[in-house]
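Single-structure report; data block below.
Both backbone and side-chain heavy atoms feed into the values below; hydrogens, waters and symmetry mates do not. Because the structure is a prediction, the values reported are computed rather than measured.
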Amino acid sequence: MIKNWITFIKKHWFPVVAAVVIVLGVVVVGSARNATTAKAGRTPIVFWHEMGGPAEQALDKMVDSFNKSQDKYEVIPQYEGVYDEAVQKIIQSHGTSASPAVFQSFDISTAQMMHSKYTTPVQKFMNEDKSFDASKISPVARSFYSNKGQQLALPFNTSQPVLYYNATLLKKYKITPPSKSPSYSDVTRVAEQLYKRSHHQVKGMTIEIYGWLMEEALANAHTSLINHGDGHAGNPTKINLKNPTTVKFLKWIRTNIKSGDFVNYGSGASAETNEIAAFLAGKLGIFVQSSAYIGQLTTGNKDKLGISYFPHPDGVKANGVGIGGAALWISNDKPKKVQKGAYEFMKFALNAKNQANWQAATGYLALNKDSQKQAALKKLYAKQPEARVPGEQLASAKPNDTNSGILMEGMQLTRELEQTAMESVYEDGNINKALTTASQSMNASLKTTNRADKK
């Protein structure tokens, strides 16, 4: 049984009204911007996605390029709402004429997609295709959507968490910037110095109350959140948030809170809005967030932006962090020729040129290593050298269970519980008690999920 998920409000996407109508076997797509039908003689490939705003414009351009590049298939894109809404539509429509041939599904729905048995692993087409060199695609990104040697889906819109700092402010106050791959104490040094030398006019740092960031702290220290290799070696049966790595992460934050250099903006969209506003106003020196914000942080910003890798505990070698974003999947309820068309589009989306254009237009990372040679990225890096750093962080990591994502259903509730623990600690609650309570609630939920999946 597929567990109904708590509604997850994905931030920063713009709603687009759209509907699919199947009329006499011809696919007609109506949207707020256009109406598209498959050209005569072409196989229609309905593509459900969750990209809004500039990302949707870039995606439409990519789709148009694919359709013009060949005369066999016609990809028909349709916006399906925020990530969690789209996942539910995919599950509910499977096996009907209204289901998509290819769809975008976000990272923490990977286990749900895998267990649903509603998709054809892309590995099947890769095995038959000698022209596609999967080794050119980021191994860490690929590993997030693979299981037991089989590629389930292909990564598409991908980001990583990074550490942003105001390089202009650090220079003003004669502070040595954090290293490219900073330790917790290195970040604390910068934050405390900035707060003191600015005579408390600039807060040193903040970290949003966000479960994803806590998970990335575990990943970068090579620590599993759940058993069976974070779900990669088997269905998880136990969650352990109360571990030495999580304790170190929260103690690091507590240290900065007590020093006065830390500011708490809470959680959710308002927290991100406020931390970015403070950062751009020169009132905040450091924050940790998705690499997708680079464009927003450089457009019209008079100060120089600095970017480092996600921090790691002192005395622990950085293991690399997992990715955020979503992947492209193939529905198994469509004829083989339709599935083949879906695969051909996915392969097209991941070629070097398209990935370079995608990063330049959206801020998501180019996953094809040959993209770095493309004109679009060369132009971007000439204008924004710091835009190289997230991709370098991704390329430097070697995939393993702990930096390849968590394969477990019910991740949204898990993140809510992680955030409850973080909030408690930010408000001076006992770290061990907060983590024990969260772990108990997580394990109770996991048992319920596992029982439901067996029915």
Worksheet item: P182 and P178: which non-hydrogen atoms are nearest, and at how many Å?
Response: CB-CB, 4.1 Å
Practice prompt. Evaluate the side-chain hydrogen bond (donor to acceptor under 3.5 Å, both in side chains) criterion for residues H115 and E409: first the C-alpha distance (whole Å), next the side-chain angles of each, then the deciding distance (0.1 Å), finally the verdict.
Written response: CA-CA 9 Å; H115 295 153; E409 290 193 53; 2.9 Å; yes
Worksheet item: If you measure only the distance, is there a donor-acceptor pair under 3.5 Å linking the side chains of S439 and N240?
Response: no
Response to the item:
Shortest non-hydrogen pair, I286 vs A191, comes out as CD1-N, 4.2 Å
Worksheet, complete the sentence: L213 and E208 have their tightest heavy-atom pair at CD1-O, 3.9 Å
Discussion item. Could you check whether any side-chain heavy atom of L367 comes within less than 4.5 Å of a side-chain heavy atom of F156, counting everything from C-beta outward?
Written reply: no
Worksheet item: Do the non-hydrogen side-chain atoms of W212 and S290 ever get within less than 4.5 Å of each other?
Response: yes
Discussion item. Against F279, only a single residue in Y293, Y165, F287 fulfils ring-ring contact (aromatic ring centres under 6.0 Å, His included); can you say which?
Written reply: F287
Worksheet item: Does the side chain to side chain contact (heavy atoms under 4.5 Å, CB included) test come out yes or no for Q289 and E272, once each step is laid out?
Response: CA-CA 8 Å; Q289 198 48 265; E272 294 179 18; 3.7 Å; yes
Discussion item. I'd like to know if K347 and D129 make a salt bridge, using a cut-off of under 4.0 Å between side-chain N and carboxylate O.
Written reply: yes
Discussion item. Looking only at the side chains, is there a donor atom on one of E386 and Y164 sitting less than 3.5 Å from an acceptor on the other?
Written reply: no
Worksheet item: So do E215 and R415 actually touch side chain to side chain, heavy atoms under 4.5 Å?
Response: yes
Worksheet item: Any side-chain donor paired with an acceptor under 3.5 Å for Q374 and Q372?
Response: no
Item to complete: Determine whether T119 and S331 make a side-chain contact, defined as any pair of heavy atoms from C-beta on separated by less than 4.5 Å.
Response: no
Discussion item. Pairing donors with acceptors under 3.5 angstrom, does anything connect the side chains of S146 and Q151?
Written reply: no
Worksheet item: How many angstroms lie between OG in S259 and CE in M205, if you round to the nearest 0.5 Å?
Response: 10.5 Å
Discussion item. Less than 4.5 Å apart, side chain to side chain, heavy atoms only: is that true for F262 and T206?
Written reply: yes
Item to complete: Calculate, to the nearest 0.5 Å, the distance between atoms CE and CG belonging to M442 and L413 respectively.
Response: 8.0 Å
Fill in: Donor-acceptor under 3.5 Å (S109 side chain, Q112 main chain)
no
Worksheet item: If you measure from the Lys or Arg side-chain nitrogens to the Asp or Glu carboxylate oxygens, is any gap between K373 and D370 under 4.0 Å?
Response: yes
Discussion item. Using side-chain heavy atoms (C-beta onward) and a distance below 4.5 Å, is T110 in contact with I406?
Written reply: no
Discussion item. Do M113 and L152 have side chains that approach each other closer than 4.5 Å (heavy atoms only, starting at C-beta)?
Written reply: no
Worksheet item: Do N368 and N351 have side-chain atoms, one donor and one acceptor, less than 3.5 Å apart?
Response: no
Fill in: side chain to side chain contact (heavy atoms under 4.5 Å, CB included) between H228 and K238, worked out
CA-CA 9 Å; H228 298 161; K238 186 177 181 181; over 6 Å; no
Discussion item. So does F348 get a backbone contact from the side chain of N354, meaning a donor-acceptor N/O pair under 3.5 Å?
Written reply: yes
Discussion item. Using modelled atom types and a 3.5 Å cut-off, is there a donor and acceptor pairing between side-chain atoms of T223 and backbone atoms of A219?
Written reply: no
Worksheet item: Above 12 or not: heavy atoms from other molecules or residues under 6.0 Å from NZ of K353?
Response: no
Discussion item. Quick check against the 3.5 Å criterion: does N235 have a side-chain atom that pairs as donor or acceptor with the backbone of G231?
Written reply: no
Worksheet entry | Gap between atom CG of N443 and atom CD1 of I239 - 0.5 Å precision | 5.0 Å
Worksheet item: Do H200 and Y195 make the cut of ring centroids closer than 6.0 angstrom?
Response: yes
Worksheet item: Are Q359 and L377 side-chain neighbours, meaning at least one heavy-atom pair lies under 4.5 Å?
Response: yes
Worksheet item: Atom OG in S159, atom CD1 in I323: separation rounded to 0.5 Å?
Response: 8.0 Å
Discussion item. Taking the ring of Y79 and the ring of W48, is the distance between their centroids below 6.0 Å?
Written reply: no
Discussion item. Quick check against the 3.5 Å criterion: does E216 have a side-chain atom that pairs as donor or acceptor with the backbone of G322?
Written reply: yes
Practice prompt. Would you tell me whether Q160 and Q393 have side-chain atoms, one donor and one acceptor, within less than 3.5 Å of each other?
Written response: yes
Item to complete: Determine the sole option in F66, F103, F345 for which the ring-ring contact (aromatic ring centres under 6.0 Å, His included) test with F47 is passed.
Response: F345
Fill in: Qualifying side chain to side chain donor-acceptor pair (under 3.5 Å) pairs, either residue in residues 302-328, two or more places apart
N166-D303, S183-D314, S185-D314, N319-N400, N319-T402
Worksheet item: At their closest point, which heavy atom of S371 faces which heavy atom of A356, and how far apart are they?
Response: OG-N, 3.7 Å
Fill in: Aromatic ring pairing F106/Y83, orientation class (parallel under 30°, perpendicular over 60°, tilted between)
parallel
Practice prompt. Kindly assign one of parallel, tilted or perpendicular to the pair Y364 and W358, based on the angle between their ring planes and the thresholds 30° and 60°.
Written response: parallel
Fill in: N/O donor-acceptor pair under 3.5 Å between H232 side chain and S404 backbone
yes
Response to the item:
Nearest heavy-atom contact between L163 and P311 is CD1-CG, 3.7 Å
Practice prompt. Report the C-alpha distance between V187 and V288 in whole Å, list the side-chain angles of each, state the deciding distance to 0.1 Å, and finish with yes or no for side chain to side chain contact (heavy atoms under 4.5 Å, CB included).
Written response: CA-CA 11 Å; V187 178; V288 177; over 6 Å; no
Worksheet entry | Side-chain (N403) to main-chain (H222) donor-acceptor, under 3.5 angstrom | no
Worksheet item: Between T246 and N243, is a side-chain hydrogen bond (donor to acceptor under 3.5 Å, both in side chains) present by the stated rule, with each step listed?
Response: CA-CA 6 Å; T246 313; N243 59 70; 3.1 Å; yes
Worksheet item: Does N450 use its side chain to pair, donor to acceptor, with the backbone of P236 at less than 3.5 Å?
Response: yes
Worksheet item: Given N227 and T237, is the side-chain hydrogen bond (donor to acceptor under 3.5 Å, both in side chains) satisfied, shown in steps?
Response: CA-CA 7 Å; N227 65 351; T237 57; 2.7 Å; yes
Item to complete: Mind running side chain to side chain contact (heavy atoms under 4.5 Å, CB included) on I90 and Y118 for me, showing each step along the way?
Response: CA-CA 9 Å; I90 290 160; Y118 287 173; 5.8 Å; no
Practice prompt. Taking atom types as modelled, find out whether Q123 and N127 have a side-chain donor-acceptor pair closer than 3.5 angstrom.
Written response: yes
Response to the item:
Between the CG atom in L284 and the CD atom in E275, the distance rounded to the nearest 0.5 Å is 7.5 Å
Discussion item. Can you tell me how far apart CG (L435) and CD (Q440) are? Round to the nearest 0.5 Å.
Written reply: 11.0 Å
Discussion item. Donor-acceptor pair, distance only, cut-off 3.5 Å: does the side chain of D64 make one with the backbone of D60?
Written reply: no
Worksheet, complete the sentence: For P155 and R142, the nearest pair of non-hydrogen atoms, with its separation, is CG-N, 4.1 Å
